[in-house]
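All remarks here apply to the structure that follows.
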Amino acid sequence: MTEAPLIVPGSVGPRSTGAQGHDDLLAGLNPQQLEAVTYRGPALLIVAGAGSGKTSVLTRRIASLLRSREAWPSQILAITFTNKAAGEMRERVEGIVGEAAKGMWISTFHSACVRILRREAQQFGFTKSFTIYDSGDSRALIKRLVKEHEADAYGLTPGAVQSRISKLKNELSDADAYARQANMSDPAERIFVELFADYQRQLQKANAFDFDDLIGQTVYLFRAFPQVADTYRRRFRHVLVDEYQDTNHAQYALIHELTRPVTGESSDPYASNGMMIFEPDTTPELEGASLTVVGDSDQSIYAFRGADIRNISEFERDFPGARVVLLEQNYRSTQNILSAANAVIGNNFDRKDKKLWSDKGDGDAIIGFTGYSQHDEAQFVADEVESLRRSGMPYSEMAVFYRTNSQSRALEEIFIRSAVPYKIMGGTKFYERAEIKDALAYLVAVANPADEMAVRRILNKPRRGIGDVSESAIARFADAHEITFRQALSVPDQLGFGPKIQAGIAQLDAVLAEATEIMLPASGELPPPTSVADGLSVLLSKSGYLDALRASRDPQDEARVENLDEFVAVARDFARNNPEGTIVDFLTEVALVSDADDLDDESGSVSLMTMHTAKGLEYDAVFVTGVEEDLIPHRISAGEPGGPQEERRLFYVGITRARKRLHLSLAMTRAQFGEVTVAMPSRFLQEIPAGLIDWRQSPGDVNSRGGTQSRALNARRAGGFGGSASGSGDRFAVKQLPGRDALKPLSTAMDKFPNRVTAKMRDNGDLELTAGDRIRHSDFGEGRVDAVTGEGAKRIAHVRFDSAGQKKLLIKVAPIEKI
DNA sequence: CTCGCTCAGATTTTT
DNA sequence: TCTGAGCGAG
């Protein structure tokens, strides 16, 4: 991520020869970085503090392997946690070595495993077109099972069951293994084991893997079929893993399996069974792949998801002879920011001492602010953003972090009113929208007819008069005749339903069949690139799904239609980018995209995200908000072992994202679901030396004297009288809030449609106003437009209200009408 | 079977 | 505050 003193890659052509080529690779590296790039051996651990240039080191290491012809591209496997990081790494390696980079596997754990599983699935009872269940899908399945098993009577909620199963899978455990060591006299435990086993059976039956299975089943595959594993071991001679501190046990095991020596025979239980002439334990046919891992235990923030910090702390023990390189020089942040970070993380007792340092100088002081409410705090952020913008910093170089997604709301509201362009990373994902999930279910029903969940989902969408009762009847029929749910749909007349339901089922069956013929022609010939988009269109229109939405009078449904249009557009884009792409490829891509992946830094907007999402990113200016007890550290973390320490690391990750400016803010009161609660400053604040923080408004100021006016309160008062330091009071003139995402800057097709639905709540669209127009505002009454400034979504009307005085209003979202 | 109403519960982080 | 589940009426 940081490349500070390192030279710009790409200055030397791909064909340059070894020695010469290496000069530019190694130029500007400090001694530790140099070693990290050039060391050769079976195992290398690069302990890379925040901002120490680890991505650069990793990419140079790969480039250097390629340039010196130590490895073919196809022999390299580089693993990251997000597709975004993978894409970035690929780009940078390509920047250095050009075409030679083609053929490398640079991907996430999950996509690498999918690739392997698709190839090998037939080996153990799956087909290549298996479905990937995201957490929503598995929750839905578990929910159904919990109901069927009446497990809620034992206090087993779907959420709890899901997270327990996930944890167990991350440990490579399964229902049987768990049962062996569980207290089976406890009925709740017995039910849980049953649920777990049933869940797994259902997945298998549906030809589906959940997220955890992608990793776990790959490990299983390697262990059960050593000769399969060997093909991958022979292939990948250099395995590199980024963010190693966040690997869980299953991922650790996967790496282990991949880097094992190829023995040729002894790992195959059948081979040594008399037939083979080799002596046991002969020298390996091929030594294990060289393994490079990069990580920083201070940035381990995924323990809650099973990440095991020991994977990194015990690396030397696991891989004897491993070389360890420590990167401590930070090229990202100013010393003030680093000093704060060091002071905070120093309070974690179980860590190896590591002190980041910088030669960038102290830089600006950290700015602190305490608001009266989260709105007040948000206003501070918005004001600061504007002032930084005026001083020349682009919006895209600013980011706002928070602990929980729900905190984004107050920020969004204020940003919208202040006309600050922003972009939310994460939050509700586009493919979690109901209509998108429905569309996906239609596609899955075609790609993987065994997936009963998908077929059930679309059975009555749009309404076909097929309710729970009929659905169960179909399931029973399928069971009784030993056919799949999907197959049952193709014999509607045998199901014993009335004509209406029969017709509905027949129609669904016909649509699915037609789409199947488009996307997966029975003739076996390769469908044209546009087949996915075409098939999707057919599904949506001929199923009546779109018509039903269009006929609806729910205003949200209009937006849903638009979302689906966008989704079809995404499919077309996919066809353009992947001419050979099949429906299965498309579904894979959609299932594995994550929030952090579609970060788009060109769009010129401020980025809002959780601190978790922020990992691996950096910005000139960073705002860490909600620095309060019970938020960071989060209340729930207190109960978990190691919880508070992990929270501290999270905070550390947040503050080390900043290059030049760091802002820490909090609110004295926070409204959470209706009730207003009083918040306390986070303990982490006290861990930062007081001299480093320049408080614009300290917690003490806000507590003791009521002298300082709340910005938000001020602004809300119609008069907009004094107080607000930066004079932005009248930005608040828009009192009625629009939908939370109304103003979201739209850039790519992907982030365009997730937010359409809510955006419908208020959008004046192209309302044309010119000086002299009279308007009516829902709060301020009537007034006259003095002037209009700005463009497009950010057009601002300067209005002189008859009674409420002068206001600036964002035309697009203000509750106004022309009169 | 669908619709609309009421009420409870929810919010930690994510591939 | 918002969403989802549950219930009763048509």
Side-chain angles (χ1 to χ4, degrees), chain A residues 79-86 107-114 132-136 138-140 143 147 152 157-159 162-163 166 169-170 209-216 243 246-248 250-251 300-307 401-410 413 425-429 432 434 460 462-471 497-498 500-501 504 552-554 591-597 609-615 626 630-640 643 646-647 649-651 653-654 670-677 737 739-740 758:
Chain A
I79 296 181
T80 61
F81 268 79
T82 63
N83 293 307
K84 151 104 171 152
S107 67
T108 62
F109 270 106
H110 295 268
S111 8
C113 287
V114 169
I132 300 164
Y133 278 15
D134 67 21
S135 20
S138 38
R139 188 166 52 247
K143 207 164 171 182
K147 209 177 236 165
D152 41 352
T157 64
Q162 186 182 22
S163 79
S166 173
K169 285 188 174 184
N170 288 158
F209 295 104
D210 65 20
F211 270 144
D212 301 315
D213 279 344
L214 293 178
I215 316 284
E243 308 283 11
D246 286 327
T247 49
N248 60 35
Q251 290 162 334
S300 161
I301 54 175
Y302 285 108
F304 73 90
R305 193 173 85 187
F401 302 155
Y402 36 81
R403 176 65 235 268
T404 67
N405 278 308
S406 59
Q407 289 169 253
S408 69
R409 180 164 232 140
E413 289 172 357
M425 318 330 312
T428 36
K429 292 163 225 160
E432 280 173 12
N460 199 28
R463 305 245 131 90
R464 298 184 175 95
I466 311 172
D468 284 349
V469 181
S470 315
E471 183 180 327
F497 292 128
K500 201 178 131 213
I501 293 183
S552 154
R553 51 184 176 79
D554 183 341
L592 294 177
V593 292
S594 74
D595 308 332
D597 295 338
M609 68 190 88
T610 67
M611 284 184 238
H612 282 88
T613 308
K615 194 177 67 164
D630 288 351
L631 219 41
I632 174 92
H634 197 276
R635 180 157 1 107
I636 292 176
S637 74
E640 308 193 347
E646 175 146 322
E647 297 286 309
R649 290 194 293 270
L650 186 56
F651 186 59
V653 166
R670 198 164 280 278
Q672 44 185 3
F673 59 116
E675 300 302 285
V676 174
T677 54
L737 295 181
R740 53 181 299 195
T758 43

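Since this is a predicted model, take the numbers as computed values, not measurements. Note on naming: letters A, B, ... go to the chains in the order of the sequence lines (proteins, then strands), and numbering restarts at 1 for each one.
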### Message
Between H612(A) (side chain only) and I301(A) (backbone N and O only), is there a donor and an acceptor less than 3.5 Å apart?
### Response
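Flag set: sc H612(A) to bb I301(A) pair under 3.5 Å.
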#### Entry: Heavy-atom donor-acceptor pair, T610(A) side chain to R403(A) backbone, under 3.5 Å
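Side chain of T610(A) to backbone of R403(A): no pair is present.
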May I ask you to say what [X] touches in the nucleic acid, namely base, sugar-phosphate or nothing, with a heavy-atom cut-off under 4.0 Å?
X	value
R635(A)	nothing
K143(A)	sugar-phosphate
T404(A)	sugar-phosphate
N460(A)	sugar-phosphate
I215(A)	nothing
F109(A)	nothing
S637(A)	nothing
F81(A)	sugar-phosphate

### Message
Between T108(A) and S470(A), which residue's closest nucleotide on DNA chain B lies nearer the 5′ terminus?
### Response
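Nearest-nucleotide comparison on DNA chain B picks S470(A).
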Which whole-number value in Å describes the distance from [X] [atom1] to [N] [atom2]?
X	N	atom1	atom2	answer
R670(A)	dT12(B)	CZ	P	15 Å
M611(A)	dT11(B)	CE	P	19 Å
N170(A)	dT15(B)	CG	C1'	10 Å
E471(A)	dT2(B)	CD	C1'	16 Å
F211(A)	dT14(B)	CZ	P	13 Å
L214(A)	dT15(B)	CG	P	13 Å
I301(A)	dT14(B)	CD1	C1'	10 Å
R139(A)	dT3(C)	CZ	C1'	13 Å

### Query
Looking at the side chain of H110(A), which of dC1(B), dT15(B), dT14(B) is the nearest nucleotide?
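Comparing dC1(B), dT15(B), dT14(B) against the side chain of H110(A), the answer is dT15(B).
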### Message
Under a plain distance cut-off of 3.5 Å, with no hydrogens placed, do S135(A) and S138(A) share a side-chain donor-acceptor pair?
### Response
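Their side chains do not contain a donor-acceptor pair, so the 3.5 Å distance test is not met.
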### Task
State plainly whether the residues K169(A) and D212(A) are in salt-bridge range, i.e. N to O under 4.0 Å.
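Salt bridge: no.
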### Query
Taking the same atom, C1', in dA5(C) and in dT12(B), what whole-Å distance lies between them?
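Their C1' atoms lie roughly 24 Å apart.
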### Query
Under 3.5 Å, is there an N or O donor on one side and an acceptor on the other linking the side chain of R403(A) and the base of dT13(B)?
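Pair found.
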### Message
Measuring centre to centre across the rings, with the benzene-like ring taken for any Trp, is F109(A) within less than 6.0 Å of F81(A)?
### Response
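Centroid distance F109(A)-F81(A): below 6.0 Å, so yes.
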### Task
Answer yes or no as to whether dT13(B) has its base stacked against F304(A), where stacking requires a ring-centre separation under 5.5 angstrom and planes under 30 degrees apart.
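It does: the ring sits over the base of dT13(B).
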